[in-house]
Asks: 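Quick one: the structure is below, questions incoming.
Lettering of chains follows the sequences in order, A, B, ..., and the numbering in each one begins at 1. Below, all heavy atoms of this structure are taken into account, side chains as well, without hydrogens, waters or symmetry copies.
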Amino acid sequence: MLLSEVVETSTAVAATRSRLAKRAALARALRSAPPDEVATVVSYLSGSLRQRRTGIGWAAHEVTAPAAATGTLEVADVDAAFERISALSGAGSRDARRDALAALLRQATAVEQDFLWRLVTEELRQGALDGVMLDAVAEAFDVPVPAVRRVAMLLGSTAAAAEVAREGQPAVDAVGLVVGVPVRPMLAGTAPHLTAALAKAAPGGDDVVVDRKLDGIRIQAHRDGDVVQLFTRSLDDITDRLPEAVEVVASLPADRVVLDGEAIVLRPDGRPAPFQVTAARTASRVDVAELRSRAPVATVFFDVLHVDGRDLLEQPLRDRLHELSALVPEAHRVPAVRVSSTQDAQSFFDATIASGHEGVIVKALSSPYDAGRRGSAWVKVKPRHTLDLVVLAAEWGHGRRSGRLSNLHLAARDAADGSCVMLGKTFKGLTDALLTWQTEQLLALEIRRTRSTVFVRPELVVEIAFDGVQTSSRYPGGVALRFARVLRYRDDKTADDADNIETVLALHDAPS
DNA sequence: GTCTTTTTCTCTC
DNA sequence: ATCTGACCGATTCGG
DNA sequence: CCGAATCGGTCAGATGAGAGAAAAAGAC
């Protein structure tokens with residue numbers, strides 16, 4: 001299949017805002033793709049290359065090449081080119097990658113070059129990604145959407161699901177969980193407080209379990225006999241980085257098992273280490289033995305998807321938890337309670353926060369393991385902090401925010417001298433109306449600008465919600481806000497009324 | 001030529 | 001990660 | 001009973017923080 005056909009489809013998809021029309025256009029392209037190219041076409045038309053890492057990013061935009069007059073590039077050639085590029089490493093590999101990229105771009109027309117850049121940078125912006133593509137696969141090959149969703153979950157990608165779907169429903173139905181092949185993890189929705197979470201997860205007052213939410217990294221463990229593998233939320237294999245988790249899985253009284261859980265570094269007193277400590281530990285690939293002795297990870301599980309030949313994905317959580325408690329000792333299970341009242345849930349939440357943990361996840365006991373979407377069977381609740389901060393600057397937005405000032409630079413006050421201490425940036429929580437309003441206000445306060453940023457007199461005060469304060473080497477106060485988002489502007493406050501840096505530092509739990 | 005610092009990318013949340 | 005706006009199917013409302 | 005308004009579930013897109021690894025660039 002020609003790349004130009006894919007690009008034409010993408011253009012058609014981008015041209016309409018209707019999801020049904022996008023789906024129809026995508027389905028048409030999938031039907032005309034040859035069998036061995038379906039997976040690549042699905043990948044490209046949902047905004048991703050097939051290669052997980054290419055070593056090419058924003059900096060490679062320096063690379064330019066004259067455009068070809070006619071589109072003769074085949075999808076398979078593009079995939080092969082990126083396969084070669086992603087295999088390059090060692091000294092001089094950056095230039096080798098850029099040369100290979102330039103060679104590819106020379107074969108592409110101007111519109112194809114643009115499409116390839118958007119693929120490489122993961123910014124296709126055609127209004128359809130994996131979710132719409134999944135519907136399109138179902139339409140193209142006349143298979144029910146839930147069946148396609150199920151296969152995409154089991155095989156870990158919609159591209160792999162499409163290869164099966166094109167063979168028809170019997171092939172789709174024959175797919176089961178394979179121990180060793182990571183499953184897309186089930187995700188949780190969010191709620192502002194417990195009452196809302198309970199209403200969302202158990203609308204009819206159904207039974208729920210409340211899990212402690214640990215601030216570590218998600219781990220999916222597969223064991224087939226002596227072979228244990230660990231995967232992250234994005235299905236990266238990190239088996240070699242967490243030997244202590246491997247040992248836990250290897251010690252379980254089952255031969256073949258798939259578990260879902262969390263790895264987290266705990267302090268000697270059992271309280272959680274700051275997230276940065278767990279993140280650094282789980283990201284390190286060298287000297288794992290040494291790191292293990294300094295920052296051992298605790299491994300705890302909260303779900304089980306397979307035990308000795310039995311797939312449990314479609315079983316209700318109630319039954320899966322029964323299997324989990326029979327298989328995994330309590331020390332390696334996430335603390336959880338079954339609650340019959342909001343008060344019980346609240347006291348578990350309060351105790352969880354008091355012990356230093358992140359929050360809770362409310363789960364409907366009747367729900368199957370439904371991966372890939374952020375449904376309402378699991379709902380997370382975390383406490384929220386707020387501060388009134390001064391706006392120091394704002395950056396021009398991109399895409400649907402272009403022409404408006406979007407990303408705000410935020411600062412607390414230093415009471416000693418009235419100066420401002422920057423704590424981070426945020427673009428979240430802004431409505432279109434606020435975006436327009438703040439652009440006008442900030443331009444009136446402008447003192448200087450760079451290409452991307454407008455700096456202003458520090459007079460506007462904005463109320464910011466955030467999850468916590470973390471150690472920072474980038475910002476002058478040595479701390480930064482985690483997940484900052486705008487709640488509202490404080491027209492009633494001046495910069496002198498904004499919160500002080502001391503207030504922020506008091507919330508900081510320094511790593512030990 | 002070797003060691004240190006900076007940049008870029010990829011990953012977690 | 002969080003958040004807003006948009007799309008769409010289902011349910012409720014107005015006449 | 002039919003079309004319009006409203007609601008709830010999802011999706012896309014805009015862009016945050018830090019840390020490690022690898023390669024490039026700088027210092028001498």
Asks: Can you tell me how far C1' of dG20(D) sits from CZ of Arg294(A), to the nearest Å?
Replies: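 My rounded result for the distance is 14 Å.
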Asks: Would you call the rings of Trp117(A) and His61(A) parallel, tilted or perpendicular, taking 30° and 60° as the class edges?
Replies: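 Taking His61(A) first and then Trp117(A), their aromatic rings lie parallel (interplane angle under 30°).
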Asks: Give one of base, sugar-phosphate or nothing for Glu123(A), where a contact means two heavy atoms less than 4.0 Å apart.
Replies: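 Result for Glu123(A) = nothing.
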Asks: Flag the pair Glu314(A) and Arg150(A) as a salt bridge only when some basic side-chain nitrogen lies within less than 4.0 angstrom of an acidic carboxylate oxygen.
Replies: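 Looking at Glu314(A) and Arg150(A), the cut-off is met.
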Asks: Under 4.0 Å, heavy atoms only, any strand: does Thr278(A) hit a base, just the sugar-phosphate, or nothing?
Replies: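 Counting heavy atoms under 4.0 Å across all strands, no contact is made by Thr278(A).
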Asks: Can you find a donor-acceptor pair, distance only, under 3.5 Å between Arg218(A) side chain and dC13(B) base?
Replies: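 Donor-acceptor pair under 3.5 Å: no.
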Asks: Are side-chain N/O atoms of Thr239(A) and Gln229(A) paired as donor and acceptor at under 3.5 Å?
Replies: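 No.
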Asks: Need one value for Arg19(A): base, sugar-phosphate or nothing, where a base atom within 4.0 Å counts as base even if backbone is also close, heavy atoms only.
Replies: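 Base: the residue Arg19(A), judged by heavy atoms under 4.0 Å, touches a nucleobase.
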Asks: As a test of reading the structure: which of dG18(D), dT2(C), dC13(B) is closest to the side chain of Lys428(A), going by heavy atoms?
Replies: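 So the side chain of Lys428(A) is nearest to dT2(C).
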Asks: When you measure from the side-chain N and O atoms of Asn407(A) to the phosphate of dA14(D), is any distance below 4.0 Å, counting only OP1 and OP2?
Replies: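 No, Asn407(A) has no side-chain N/O under 4.0 Å of OP1/OP2 on dA14(D).
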Asks: With a 4.0 Å cutoff (strictly under), does any side-chain N or O of His398(A) reach OP1 or OP2 of dT15(D)?
Replies: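 Answer yes for this pair, as a side-chain N or O of His398(A) is under 4.0 Å from OP1 or OP2.
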Asks: Return the value, rounded to whole Å, for the distance between atom CD1 of Ile219(A) and atom P of dC11(B).
Replies: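 Spelled out: CD1 on Ile219(A) to P on dC11(B) is 15 Å.
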Asks: What nucleic acid atoms does Ser18(A) come within less than 4.0 Å of, heavy atoms only: base, sugar-phosphate, or nothing?
Replies: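 Contact class for Ser18(A): sugar-phosphate only.
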Asks: Which nucleotide in the set dT15(D), dT12(B), dC11(D) lies at the smallest distance from any side-chain heavy atom of Asp236(A)?
Replies: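 Nearest to the side-chain atoms of Asp236(A), counting from C-beta on, is dT12(B).
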Asks: Please report the distance, rounded to the nearest Å, between CD1 in Ile217(A) and P in dA19(D).
Replies: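 After rounding, the reported distance stands at 15 Å.
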Asks: Over all strands shown, is Ala128(A) touching base, sugar-phosphate only, or nothing at heavy-atom distances under 4.0 angstrom?
Replies: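 Ala128(A): backbone/sugar contact only, no base atoms under 4.0 Å.
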Asks: By nearest nucleotide on DNA chain D, pick out whichever of Ala280(A) and Arg94(A) is the more 5' one.
Replies: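 Closer to the 5' end of DNA chain D: Ala280(A).
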Asks: Do we see a donor-acceptor contact under 3.5 Å between the side chains of Arg241(A) and Thr282(A)?
Replies: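 Absent: no donor and acceptor within the cut-off.
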Asks: Please determine if a side-chain N or O atom of Arg98(A) lies less than 4.0 Å away from the OP1 or OP2 oxygen of dA23(D).
Replies: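 Result: no.
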Asks: Which part of the nucleic acid, if any, lies within contact of Thr426(A), taking any heavy atom under 4.0 Å across all strands shown: a base, the sugar-phosphate backbone alone, or nothing?
Replies: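 Counting heavy atoms under 4.0 Å across all strands, no contact is made by Thr426(A).
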Asks: To the nearest Å, how far apart are Gln470(A) CD and dC13(B) C1'?
Replies: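 In whole Å, dC13(B) C1' and Gln470(A) CD are 9 Å from each other.
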Asks: Have a look at Lys382(A) and say if it touches a base, only the backbone sugar-phosphate, or nothing, with a 4.0 Å heavy-atom cut-off.
Replies: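 Touches sugar-phosphate only.
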Asks: Could you tell me whether the phosphate oxygens of dA19(D), OP1 or OP2, come under 4.0 Å of any side-chain nitrogen or oxygen in Gln276(A)?
Replies: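 Gln276(A) to dA19(D) OP1/OP2: side-chain N or O found under 4.0 Å.
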Asks: Aromatic ring centroids of Phe301(A) and His332(A) under 6.0 Å?
Replies: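 No: the rings miss the under 6.0 Å criterion.
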Asks: With heavy atoms under 4.0 Å as the rule, sort Val286(A) into base, sugar-phosphate or nothing.
Replies: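 Answer is sugar-phosphate: Val286(A) comes under 4.0 Å of backbone atoms only.
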Asks: Are any of Thr190(A)'s side-chain N or O atoms less than 4.0 Å away from OP1 or OP2 of dT2(C)?
Replies: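 No, because none of the side-chain N or O atoms of Thr190(A) sits under 4.0 Å from OP1 or OP2 of dT2(C).
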Asks: Report yes if at least one side-chain N or O of Thr282(A) is closer than 4.0 Å to OP1 or OP2 of dT12(B); otherwise report no.
Replies: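 It does not, given that no N or O in the side chain of Thr282(A) lies less than 4.0 Å from OP1 or OP2 of dT12(B).
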Asks: By nearest nucleotide on DNA chain D, pick out whichever of Arg400(A) and Ala480(A) is the more 5' one.
Replies: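 Its nearest nucleotide lies further toward 5', so the answer is Arg400(A).
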Asks: The side chain of Ala283(A) is closest to which nucleotide in this list: dG20(D), dG16(D), dT15(D)?
Replies: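 Of dG20(D), dG16(D), dT15(D), dG20(D) is nearest to the side chain of Ala283(A).
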Asks: May I have the distance from Lys380(A) (atom NZ) to dC3(C) (atom C1'), rounded to whole angstrom?
Replies: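 Distance check: Lys380(A) NZ to dC3(C) C1' gives 13 Å.
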Asks: Between dC11(B) and Arg52(A), is there an OP1 or OP2 to side-chain N/O distance shorter than 4.0 Å?
Replies: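 True: Arg52(A) side-chain N/O within range (under 4.0 Å) of dC11(B) OP1/OP2.
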Asks: Which nucleotide, dG13(D), dC11(D), dG16(D), lies nearest any side-chain atom of Val132(A)?
Replies: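 Side chain of Val132(A) sits closest to dC11(D).
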Asks: By nearest heavy atom, map Phe427(A) and Ala433(A) onto DNA chain C; which one lands nearer the 5' end?
Replies: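 Closest to the 5' end, via its nearest nucleotide, is Phe427(A).
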Asks: Hey, does the Lys NZ or Arg CZ of Arg401(A) hover above the aromatic six-ring of Phe427(A), less than 6.0 Å from the centre and inside 45° of the axis?
Replies: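 No; the conditions do not both hold, so Arg401(A) does not lie above the ring face of Phe427(A).
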Asks: Among the nucleotides dC11(D), dA14(D), dA17(D), which one has an atom lying closest to any side-chain atom of Arg125(A)?
Replies: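 Comparing dC11(D), dA14(D), dA17(D) against the side chain of Arg125(A), the answer is dA14(D).
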Asks: Can you pull the ring pair (Phe, Tyr, Trp, His ring centres under 6.0 Å) pairs that have at least one residue in residues 118-142 of chain A, sequence neighbours excluded?
Replies: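 Checked against ring pair (Phe, Tyr, Trp, His ring centres under 6.0 Å) - neighbours excluded - no pair reaches residues 118-142 of chain A.
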Asks: Using a cut-off of less than 4.0 Å, is there contact between a side-chain N or O of Thr232(A) and OP1 or OP2 of dC11(B)?
Replies: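 So the side chain of Thr232(A) is outside the cut-off, no N or O lying under 4.0 Å from OP1 or OP2 of dC11(B).
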Asks: Taking only side-chain nitrogens and oxygens of Lys22(A), does any of them come within less than 4.0 Å of OP1 or OP2 of dC11(D)?
Replies: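 So the side chain of Lys22(A) is outside the cut-off, no N or O lying under 4.0 Å from OP1 or OP2 of dC11(D).
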Asks: Out of dG9(C), dA23(D), dT2(C), which nucleotide sits closest to the side chain of Ser93(A)?
Replies: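 Taking heavy atoms from C-beta onward, the closest nucleotide is dA23(D).
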Asks: Using a strict threshold of under 4.0 Å (side-chain N to carboxylate O), is an ion pair present between Arg212(A) and Glu358(A)?
Replies: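 Answer for the salt bridge query: no.
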Asks: Please state whether the phosphate of dG18(D), meaning OP1 or OP2, lies under 4.0 angstrom from any side-chain nitrogen or oxygen of Arg474(A).
Replies: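 Checking dG18(D) against Arg474(A), a side-chain N or O does come within under 4.0 Å of OP1 or OP2.
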Asks: Using a 4.0 Å heavy-atom cut-off across all strands, classify Ala279(A) as base, sugar-phosphate, or nothing.
Replies: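 Result for Ala279(A) = nothing.
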Asks: Any idea which of dT8(B), dG16(D), dG20(D) is nearest the Ala59(A) side chain?
Replies: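 Given the options dT8(B), dG16(D), dG20(D), the side chain of Ala59(A) is closest to dT8(B).
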Asks: Quick one: Arg404(A) CZ to dG13(D) C1', roughly how many Å, whole number?
Replies: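 My rounded result for the distance is 13 Å.
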Asks: When you measure from the side chain of Phe275(A), which nucleotide among dT12(B), dA12(D), dT10(B) comes out closest?
Replies: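 Nearest to the side-chain atoms of Phe275(A), counting from C-beta on, is dT12(B).
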Asks: Would you mind classifying the nucleic acid contact of Tyr475(A) as base, sugar-phosphate or nothing, using non-hydrogen atoms under 4.0 angstrom?
Replies: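 Sugar-phosphate: the residue Tyr475(A), judged by heavy atoms under 4.0 Å, touches backbone atoms but no base.
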Asks: I need the CD-P distance between Gln126(A) and dC7(C), as an integer number of Å.
Replies: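 My rounded result for the distance is 16 Å.
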Asks: Calculate the interatomic distance between Arg401(A) atom CZ and dA12(D) atom C1'; express it in whole Å.
Replies: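 Distance check: Arg401(A) CZ to dA12(D) C1' gives 13 Å.
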